[in-house]
Number of protein chains: 2
Amino acid sequence: MPEQHEEPEDPWKGDGGPAPDLQTYAVLLRRMNAEFNRLAQHFAHEHGLHLTDVQALIEILDADPGTAVTPGRLRERLQLTSGAVTACLDRLEKAGHVQRVRDARDRRVVHIHYAGRGRELARSSFRPLARSTEAAMRRLSDDELRTVARFLTLMGDELDAQSR
Amino acid sequence: MPEQHEEPEDPWKGDGGPAPDLQTYAVLLRRMNAEFNRLAQHFAHEHGLHLTDVQALIEILDADPGTAVTPGRLRERLQLTSGAVTACLDRLEKAGHVQRVRDARDRRVVHIHYAGRGRELARSSFRPLARSTEAAMRRLSDDELRTVARFLTLMGDELDAQSR
DNA sequence: TATATAAACTCAATGATTGAGATGTTCAAT
DNA sequence: ATTGAACATCTCAATCATTGAGTTTATATA
C-alpha cells in the first residue's frame with residue numbers, strides 16, 4: 001500500500017466539509033498559546049528580562065487607559081505574591097522601563113507609569129507577533145476578520161468570567 | 001455634556017462597520033493569551049505543580065502521535081536548559097504522571113509516556129478552557145467556525161515559522 | 001480616639017533554573 | 001577493532017525569582 005501523503009494546505013478552506021469540533025479548537029488554541037509564550041520568553045531573554053517582567057509590561061501596556069496600573073492589580077493579574085511584584089517592579093524600575101508614582105489622593109497606592117523606552121520596548125516585544133498576525137490577517141476578507149475578532153472577544157470574555 | 005456611555009454588547013457583530021485592524025487584533029490576542037496563562041497557572045497551583053510542569057504535560061498531550069516526546073524536544077519547546085527539563089521530569093515522574101522509557105534502538109534517548117492518571121490530569125486541566133471555548137463556539141455558525149479555525153491554523157503556522 | 005482594613009514593602013527561606021561538566025551511546029573514519 | 005566526534009541525558013553546586021510572614025504607612029469606620 002503506497003503512502004497516502006496528503007498535504008492539507010489550508011484546511012477549513014472551503015464552505016463544505018464538517019465544522020471543526022471542540023477538540024480541534026482546543027488543540028489549535030493550545031498550540032497558539034504555546035507559540036505566544038515561546039516568543040515572549042525569547043524576547044525576555046533577549047533583553048535580560050524575565051517572563052514575569054514582560055508579562056507585567058504587557059499588562060501595563062494593554063491596561064484600560066481609565067484604569068491605573070498598581071502593584072495590587074499586577075498581583076492579581078499575574079498571580080504573584082506581593083513580594084514578587086515588588087521585586088519585579090524593582091527590576092523594571094532599575095532598568096528604567098517604568099516609574100513608580102505615589103497617588104496623591106490615596107497615598108497608600110502606587111501607580112506604575114512607563115519611563116524612558118519602556119513603552120517602545122513593550123511594543124517592540126510584539127513586532128514578531130504583529131508580523132505573524134498581519135500575515136494571517138492578509139489571507140482573510142474583511143467579513144472574515146470581523147468574524148474572528150468577534151470570536152476572540154467572546155473567548156476573552158468567557159475566559160475572564162471563568163477565572164472568577 | 002452628558003456621559004455618552006455606549007455599551008458595545010457584541011462588537012464586530014454586523015456585516016457593516018470598519019474591519020478590525022492589526023492593533024485591535026494584537027490586543028485581543030494578548031488578552032486571550034494572558035487569560036490562558038492565568039488558567040494554566042491556577043490549575044498548576046491547584047494540583048501542586050509548576051507552570052513548567054503543566055506546559056510539559058500539554059506538550060506531551062498534544063504531541064503528534066507519530067513524534068515521540070523526548071527530554072530534548074521539551075528542552076526546545078519549553079525553552080529550558082537540560083537540567084531544568086530533568087528536574088521537571090523528575091517531578092512529574094515522582095508524582096506518577098509520566099514515565100521515562102529508554103528507546104530500544106537508540107539507547108541515548110528517552111521517551112516520555114503518560115503513566116497513571118497523567119493523561120486524564122492533562123485533559124482535566126483544560127476543562128475550564130473547554131467550557132469557555134464551547135460557549136464561544138456556540139455563538140458562531142458552522143461557516144464562521146470554519147473561518148476561525150482557518151485563522152487559528154494560519155496563526156499557528158506563522159508563529160511557528162517566526163520562531164525559527 | 002481607637003480599631004479595623006488596606007496597599008505596598010522588607011527579608012529570610014525555599015526551590016526552580018542555570019551552566020558547566022560527567023556519563024553513556026551512536027556513528028564514521030581509520 | 002579502535003579512535004574520536006557528535007549526541008542525549010543526567011548531575012550538581014551556584015544563582016536568583018518567588019514565597020510567606022511580618023512591618024510600615026495610610027485610610028475609613030465606630
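This is a predicted model, so every value here is computed, not measured. Every chain is numbered from 1, with letters handed out A, B, ... down the list of sequences.
Across all non-hydrogen atoms, the minimal contact from A:A40 to A:L51 is CB-CD1, 3.8 Å. When every heavy atom of B:L39 is checked against every heavy atom of A:L159, the shortest pair comes out as CD1-CD2, 3.5 Å. Listed here is the closest heavy atom pair of A:A136 and B:F151: CB-CE1, 3.9 Å.
The pair B:E158-A:R131 fails the salt-bridge criterion, with no side-chain N (NZ, NE, NH1 or NH2) lying under 4.0 Å from an Asp/Glu carboxylate O. Between B:E35 and B:R38, at least one side-chain nitrogen of the basic residue sits less than 4.0 Å from a carboxylate oxygen of the acidic one, meeting the salt-bridge criterion. Electrostatic pairing of B:E46 and B:R127 does not count as a salt bridge here, judged by no charged N lying under 4.0 Å from a carboxylate O. B:D157 and A:R31 are joined by a salt bridge, as a carboxylate oxygen and a charged side-chain nitrogen come within less than 4.0 angstrom of each other. Comment: A:R105 does not engage A:D103 in a salt bridge, judged by the lack of any side-chain N to carboxylate O separation of less than 4.0 angstrom.
Residue whose closest nucleotide on DNA chain C sits further toward the 5' end, between A:T86 and B:V85: A:T86. If B:S82 and A:S82 are placed on DNA chain D by their nearest nucleotide, the residue sitting closer to the 5' end is B:S82. Nearest-nucleotide assignment on DNA chain D puts the 5′-proximal partner with B:A84, out of A:A84 and B:A84.
The separation between A:R75 atom CZ and C:dA6 atom C1' is 11 Å, rounded to whole Å. When the P atom of C:dA8 is taken as reference, atom CD of A:E76 falls 10 Å away, rounded to whole Å. Taking atom CG on B:D90 and atom P on C:dT18, their separation rounds to 15 Å, with Å as the unit.
Once you apply a 4.0 Å limit to the heavy atoms of chain B, the touched nucleotides of DNA chain D run 5' to 3' over D:dC7 to D:dT11.
Taking B:R73 as the reference, nothing meets the side chain to side chain donor-acceptor pair (under 3.5 Å) condition, with sequence neighbours excluded. Remark: B:R75 engages no residue in a side chain to side chain donor-acceptor pair (under 3.5 Å) (not counting sequence neighbours).
Of all the residues in residues 59-67 of chain B, not one reaches under 4.0 Å from DNA chain C with any non-hydrogen atom. Of the residues in residues 92-108 of chain B, those placing a heavy atom less than 4.0 Å from an atom of DNA chain C are B:R105, B:D106, B:R107, B:R108, in numerical order. Only A:H50, A:T52, listed by number, bring a heavy atom of residues 35-55 of chain A to less than 4.0 angstrom from any atom of DNA chain D.
Residue B:L154 is tested with A:R139, A:M137, A:R138 for a side-chain contact (heavy atoms from CB on, under 4.5 Å); the sole match is A:R139.
When side chains are defined from C-beta on, B:C88 does not count as touching B:L74, because their heavy atoms never get closer than 4.5 Å. Within the 4.5 Å cutoff, side-chain heavy atoms of B:H111 are placed close to those of B:T70.
At the heavy-atom level, B:G72 lies under 4.0 Å from the strands shown only through sugar-phosphate atoms.
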